[in-house]
J.: 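This is the structure I want to talk about, given as structure tokens.
Hydrogens, waters and symmetry mates are skipped; everything else that's a heavy atom, side chains included, is used. Protein chains get the first letters and strands the later ones, always in sequence-line order, with residue 1 at the start of each.
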Amino acid sequence: MQKGLKLTDILVTIIIALIFGVIYKIWGPLYGLISTFGLQAEQLIYGMWFIAATVAFLIIRKPGVAVLAEVAAAHGEFIFGGEWGVTTLIFGLGQGIAAEIVFAAFGYKRYNVLVVSLAGIASGLASIGIDFYYGYIGDLAVWNLLLLVGFRLAGSVMIAGIFAYLIVRTLEKTGVTSLVRPASNQDFKALE
Amino acid sequence: MRLDFSYKQTWLHQINPSFKFILIVILFIHILFIHNINVMINYMAAAFILYVAFTGHPWKRLLIISIPFVLLFVTSSASMIFFGQGENTWLKWGLVHITEESFLRGLHLGFRGIIFATLGVVFSLTTRPVYLFYSFMQQLKLKPKYAYSFMAAFRLIPIMIEELQILSYALKVRGVQHQKGVAGFFKKLQSYSIPLLSQSIRRAHRIAVAMEAKHFSATTKRTFYYQIGFSKFDILFVMYFAVVIPASYLLAIHFPYFPVTDVRFQ
């Protein structure tokens, strides 16, 4: 048994991540458009920027995949000329590590909607942490800051948590996930 | 549709990609510690000079690429201008409370966003991804399995975009109509992401199997088709910032645009 991620795992993770990288890039202008409504409404869709980590982890279910996916997706967005430039990479790294910590805390053994939502929240908190330095959000009026945090975390649960879970559950029906997942105990039992 | 994406090679293209990457990350961290809006404006001008004069792309394309910058400026600054804390009130209207401090802080954030965007786009426009990953392998000792995975994945993006196009035609031909609201959004997300993801995973898996069958190995001792080294342009790039950064501080001290040196709320 080889330790760490195999070439297949890495390639699949990065391809998934780059698909989301393209989406991340498109998400920039959309985010900008929604922000013109005011009142932090754009924060509700911020969670899309955390989805690569959770989807990739749910598909491949191995340690290290969440960080790799989020960094790769951010890198993709950066190379496609995303509006936030290098910022994306720093946020991507922070968000990926945060999601990874949640998955690690459950021993990489839980793949239910609760764990994924927690990972989404962790990514959201990481992004808020970076925003304190990057966006001076601590200097917003208190009610506005609470709105921002609330909306962003709600969006994280909705998109990076629930949507990611539902997408992967549908994807399982196509049978592709069995190509990349490690064999589970159930598989071994089925052989006996 | 054929996209013409020709450009002239400039000195920015000649810089070692890893070096350029690391320097831009360092600049990012430095910019986070700039709280003086006057410095930020000068810094932005310096970034614009690189963007306009030295990327080697035609000005029309540069203009199109910079359209989202306007939106970015609005996103980064609007909430801070309208809802930021401050004492010197200019306008109070319902929840909106614009003060001198929040206004300047908002502008500051907008400028900061634009500097990052400009530097990021300068990097993307002047760096070929293949060279970037070859350089990562040679200078930063990135493991080949990661670098080649990235390069293989980049090659697949045009195929994915074509698939996306076909998918949207197929949905249209079959008369699929999307509802509004969260459920509709999810349906739309699902109808695009499932076929795209499943096809891509299958393709990635096939490529990985093929690479391993042809003895792609994880050994770090290997030869490289592109040898990427350093040149005098790396020094030029450092010199550029070594000149413009002190200059933007000096200008900010002697010729300030706004009489404020720290935009944070005291």
Side-chain angles (χ1 to χ4, degrees), chain A residues 5-19 22 28-29 31-33 35-36 38-40 42 55 59 68 72 75-76 78-90 133-141 143-144 148 158 163 166-167 170-171 174-177 179-180, chain B residues 24-25 28 32 65 68-69 71-72 74-76 78-80 82-85 95 97 102 105 109 113 116-121 123-125 129 145-146 149-150 152-154 156-157 160 182 186 189-190 193-194 196-198 200-205 207-209 211-212 216 218 263-265:
Chain A
L5 295 172
K6 289 183 300 179
L7 178 67
T8 320
D9 305 327
I10 296 171
L11 196 59
V12 172
T13 308
I14 289 177
I15 287 194
I16 295 169
L18 284 188
I19 295 178
V22 176
Y31 179 79
L33 218 60
S35 75
T36 51
L39 292 182
Q40 309 286 4
E42 75 276 12
V55 166
I59 291 174
L68 178 63
H75 202 96
F78 174 58
I79 288 185
F80 305 142
E83 288 95 314
W84 282 278
V86 208
T87 328
T88 334
L89 287 175
I90 312 282
Y133 293 95
Y134 173 71
Y136 298 143
I137 56 173
D139 288 353
L140 285 169
W143 63 271
N144 203 263
L148 182 148
M158 192 72 209
F163 284 1
L166 291 176
I167 285 176
T170 319
L171 200 61
T174 66
V176 288
T177 48
L179 286 175
V180 285
Chain B
I24 288 187
V25 172
F28 169 84
L32 282 189
I65 293 172
F69 288 11
L71 211 56
L72 172 79
V74 175
T75 6
S76 321
S79 358
M80 189 51 84
F82 292 146
F83 311 117
Q85 289 179 322
L95 290 169
H97 183 205
S102 72
R105 200 181 307 124
L109 288 178
F116 288 143
T118 314
L119 289 177
V121 170
F123 184 88
S124 323
L125 287 179
K145 59 179 178 180
Y146 289 98
S149 296
F150 261 105
F154 273 110
L156 296 182
I157 286 171
M160 289 189 231
V182 176
F186 179 69
L189 185 71
Q190 203 174 30
S193 66
I194 301 297
L196 264 186
L197 278 173
S198 58
S200 303
I201 292 171
R202 285 197 188 105
R203 202 175 290 126
H205 184 253
I207 291 172
V209 170
M211 279 164 82
E212 270 167 356
F216 175 85
V263 294
R264 287 172 298 177
F265 188 64

J.: Any side-chain heavy atom of A:V22 sitting closer than 4.5 Å to one from B:M160?
T.: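 The answer is no; the side chains never approach within 4.5 Å.
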J.: Which one wins on heavy-atom pair count under 4.5 Å against chain A: B:G120, B:S200, B:P129, B:A204?
T.: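 Counting heavy-atom pairs under 4.5 Å, the top option is B:A204.
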J.: Does the side chain of B:L197 reach to within under 4.5 Å of the side chain of A:I167, using non-hydrogen atoms?
T.: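 Yes, close enough: below the 4.5 Å cut-off.
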J.: Would you check if B:R203 and A:I15 make a side-chain contact, meaning some heavy-atom pair closer than 4.5 Å?
T.: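 Contact flag for B:R203/A:I15 side chains = no.
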J.: Roughly how far, to the nearest 0.5 Å, is the OG atom of B:S193 from the CG atom of A:L166?
T.: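 That separation rounds to 10.5 Å.
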J.: Distance from B:Y146 atom OH to A:I14 atom CD1, nearest 0.5 Å?
T.: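 B:Y146 atom OH to A:I14 atom CD1 measures 8.0 Å (nearest 0.5 Å).
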J.: Identify which part of B:V25 has an atom lying under 4.5 Å from any heavy atom of chain A, answering side chain, backbone, both or neither.
T.: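 Answer is both: backbone and side chain atoms of B:V25 are under 4.5 Å from chain A.
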J.: Can you find a pair of side-chain heavy atoms, one from A:L171 and one from B:S198, that are under 4.5 Å apart?
T.: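 Heavy-atom side-chain distance check passes, below 4.5 Å.
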J.: Would you say the side-chain atoms of A:T8 pair up with the backbone N or O of B:V209, donor to acceptor, closer than 3.5 Å?
T.: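 No, A:T8 side chain to B:V209 backbone: no donor-acceptor pair under 3.5 Å.
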J.: Give the ring-plane orientation class for B:F186 versus A:F163, where under 30° counts as parallel, over 60° as perpendicular and anything between as tilted.
T.: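 Because their plane-to-plane angle lies in the 30° to 60° range, the rings of B:F186 and A:F163 count as tilted.
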J.: Which atoms of A:V12 come close to chain B, meaning under 4.5 Å heavy atom to heavy atom: side chain ones, backbone ones, both, or neither?
T.: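 Its backbone and side chain both get close to chain B.
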J.: Name the region of A:I90, side chain, backbone, both or neither, that has any atom closer than 4.5 Å to a heavy atom of chain B.
T.: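 For A:I90, the contact with chain B is made by the side chain alone.
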J.: Is chain B contacted by the side chain of A:L18, its backbone, both, or neither, given a heavy-atom distance below 4.5 Å?
T.: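 For A:L18, the side chain is the part near chain B, not the backbone.
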J.: Check each atom of B:F150 against the heavy atoms of chain A and say whether the ones under 4.5 Å are side chain, backbone, both or neither.
T.: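 Both parts, heavy atoms under 4.5 Å.
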J.: Which bit of B:I207 comes within less than 4.5 Å of chain A, counting heavy atoms only: side chain, backbone, both or neither?
T.: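 For B:I207, backbone and side chain are both near chain A.
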J.: Do B:K145 side-chain atoms and A:L5 backbone N/O form a donor-acceptor pair below 3.5 Å?
T.: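 Flag set: sc B:K145 to bb A:L5 pair under 3.5 Å.
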J.: Picking from B:L196, B:L119, B:I157, which has the most non-hydrogen pairs under 4.5 angstrom with chain A?
T.: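 Most heavy-atom pairs within the cutoff with chain A belong to B:I157.
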J.: Calculate, to the nearest 0.5 Å, the distance between atoms CG and CD belonging to A:L7 and B:E212 respectively.
T.: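 Between atom CG of A:L7 and atom CD of B:E212 there are 5.0 Å.
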J.: Roughly how far apart are A:I59 CD1 and B:I201 CD1, rounded to 0.5 Å?
T.: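 If I round to the nearest 0.5 Å, the distance is 4.0 Å.
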J.: Checking heavy atoms, do the side chain of B:F123, its backbone, both or neither come under 4.5 Å from chain A?
T.: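 Just its side chain gets close to chain A.
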J.: First locate atom CZ of A:F78, then atom CD1 of B:I24, and finally report the distance between them rounded to the nearest 0.5 Å.
T.: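 Atom-to-atom, A:F78:CZ and B:I24:CD1 are 5.5 Å apart.
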